[in-house]
Peer 1: 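Can you keep this structure in mind? I'll have questions shortly.
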2 protein chains.
Amino acid sequence: MNIENTQAQMRKGILEFCILSIIGNDEECYASEILDRMKRAKLIVVEGTLYPLLTRLKNDGYLSYQWIESKSGPPRKYYKLTGLGEKFLEELRKTWDELVRAVDLTTLKIQSTPSSKTSQIESNNE
Amino acid sequence: MNIENTQAQMRKGILEFCILSIIGNDEECYASEILDRMKRAKLIVVEGTLYPLLTRLKNDGYLSYQWIESKSGPPRKYYKLTGLGEKFLEELRKTWDELVRAVDLTTLKIQSTPSSKTSQIESNNE
DNA sequence: TACAGTACTTTTTATAGCAAGGTACTAAAT
DNA sequence: ATTTAGTACCTTGCTATAAAAAGTACTGTA
């Protein structure tokens, strides 16, 4: 029973959404901040996942960035949402809400069934 | 702005969970029924996705099946949860609930950190 | 015997996240 | 002046998974 893998699979699809949300909330932030927030929300993400994703979102026009120097280390890339990014995030919110509803539908016991159940002839093998 | 792809990504991770839920609710059902239920819940799935997934879940010991003849076509493989499958499904439920909470955390403007940490003095020094 | 409908199967392809290793800059210690 | 530690960003190769598409097989009907 490897629950870890399935957990990871569930997490995968929503990373983009969460990352855009975090950037949207913070107005402007850099990768390590995002990693930190994700960890606090119990969404494990590693650098090798985040950096390519940020680059892709920037290339797709959802994010822009500027370099800002730090007092205590190398300069940081501060990302923020573009106009397109805001619209995209809005769509993702809808998608997420729909997904939660869909899962509820399949998860709930009470599910209006089609009446056409065939007569079950017990024919076992295997 | 290709929202479709991101929607698909979000869907991916929860398919296993939804399919196990459906089988758990119905006690016993076959692939086409599952496809039907998924579609009704607005979770698009195609045969090429479902059949290999069912086979994998069976090989992992979460599902068992029996052939049952149909009056109107070829015999059907009726799947049901094994004992291990029930436990696994229970774990997935927890995982899903945690995920929903995690997404809420990253999505909400107010990023309240878990209350278990008492003194929440804003001391994010860098 | 041919055809339509249902059900299950397999192969190939594309994508995304992850692990691991690498580069570069700053500040403090030696 | 050089080394070390810490921070931040980047890249390559691997693996798992869903989707597309084509295929097999069984049943009843025309």
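Convention: sequence-line order gives letters A, B, ...; per-chain numbering from 1. Values reported hereafter were calculated over all heavy atoms of this structure, with side chains retained and with hydrogens, waters and symmetry mates removed.
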Peer 1: Find the distance A/R76:CZ to D/dC10:P and express it as a whole number of Å.
Peer 2: 14 Å

Peer 1: Can you tell me the distance, in whole Å, between the CG atom of A/L54 and the P atom of D/dA8?
Peer 2: 14 Å

Peer 1: Return the nearest nucleotide to the side chain of A/Y30; candidates are D/dC10, D/dA8, D/dA22.
Peer 2: D/dA8

Peer 1: Identify the residue among A/R11, A/Q7, A/Q9 that makes a side-chain hydrogen bond (donor to acceptor under 3.5 Å, both in side chains) with B/T95.
Peer 2: A/Q7

Peer 1: Less than 4.0 Å between a side-chain N and a carboxylate O, is that true for A/K87 and A/E90?
Peer 2: no

Peer 1: Name the residue closer to the 5' end of DNA chain C, choosing between A/E16 and B/Y79 according to the nucleotide with the nearest heavy atom.
Peer 2: B/Y79

Peer 1: Just how far, in rounded Å, is P of D/dG6 from CD of A/E47?
Peer 2: 15 Å

Peer 1: Is B/D97 salt-bridged to B/R101, going by a charged N under 4.0 Å from an acidic O?
Peer 2: no

Peer 1: A/E69 has an atom CD; how far is it from atom P of D/dC9, in whole Å?
Peer 2: 13 Å

Peer 1: Of all nucleotides in DNA chain C that come within under 4.0 Å of a heavy atom of chain A, which is furthest toward the 5' end and which toward the 3' end?
Peer 2: C/dG17 to C/dA27

Peer 1: Please give, in whole Å, the distance from D/dA8 C1' to A/I34 CD1?
Peer 2: 13 Å

Peer 1: Of the nucleotides D/dA19, D/dA8, D/dC10, which one has an atom closest to the side chain of B/R11?
Peer 2: D/dA19

Peer 1: Determine to 10° how strongly the helix from C/dT1-D/dA30 to C/dT30-D/dA1 is bent, judged from the axes of its five-pair ends.
Peer 2: 20°

Peer 1: Could you walk me through whether B/L15 and B/M38 pass the side-chain contact (heavy atoms from CB on, under 4.5 Å) check?
Peer 2: CA-CA 9 Å; B/L15 287 185; B/M38 299 288 278; 3.6 Å; yes

Peer 1: Can you tell if the side chain of B/T106 reaches within under 4.5 Å of the side chain of A/I14, non-hydrogen atoms only?
Peer 2: no

Peer 1: Under 4.0 Å between any heavy atoms, over every strand shown, what does B/Q9 touch: base, sugar-phosphate, or nothing? Just pick one.
Peer 2: sugar-phosphate

Peer 1: What is the distance, rounded to the nearest whole Å, between atom NZ of B/K71 and atom C1' of D/dC26?
Peer 2: 18 Å

Peer 1: Side-chain N or O of A/N5 versus OP1/OP2 of D/dT17: is the shortest distance under 4.0 Å?
Peer 2: yes

Peer 1: With heavy atoms under 4.0 Å as the rule, sort B/S32 into base, sugar-phosphate or nothing.
Peer 2: sugar-phosphate

Peer 1: Testing the basics here: between A/V45 and A/L35, what is the closest heavy-atom pair and its distance to 0.1 Å?
Peer 2: O-CD2, 3.5 Å

Peer 1: Between A/V45 and A/P75, which has a closest nucleotide on DNA chain C that is more 5'?
Peer 2: A/V45

Peer 1: Mind checking B/P52 for me? I need base, sugar-phosphate or nothing, with any heavy atom below 4.0 Å counting as a touch.
Peer 2: base

Peer 1: Are side-chain heavy atoms of A/Y78 and A/Y30 found at a separation under 4.5 Å?
Peer 2: yes

Peer 1: Just how far, in rounded Å, is P of D/dG13 from OH of A/Y51?
Peer 2: 21 Å

Peer 1: Taking all non-hydrogen atoms of both residues, which atom of A/A41 and which atom of B/A102 are closest, and how far apart?
Peer 2: O-CB, 3.1 Å

Peer 1: Quick one: are B/W67 and B/K77 in side-chain contact, heavy atoms under 4.5 Å?
Peer 2: yes

Peer 1: Under 3.5 Å, is there a donor-acceptor pair between the side chain of A/T82 and the main chain of A/G61?
Peer 2: yes

Peer 1: Whole angstroms only, please: what is the CG-P distance between B/L15 and D/dA16?
Peer 2: 18 Å

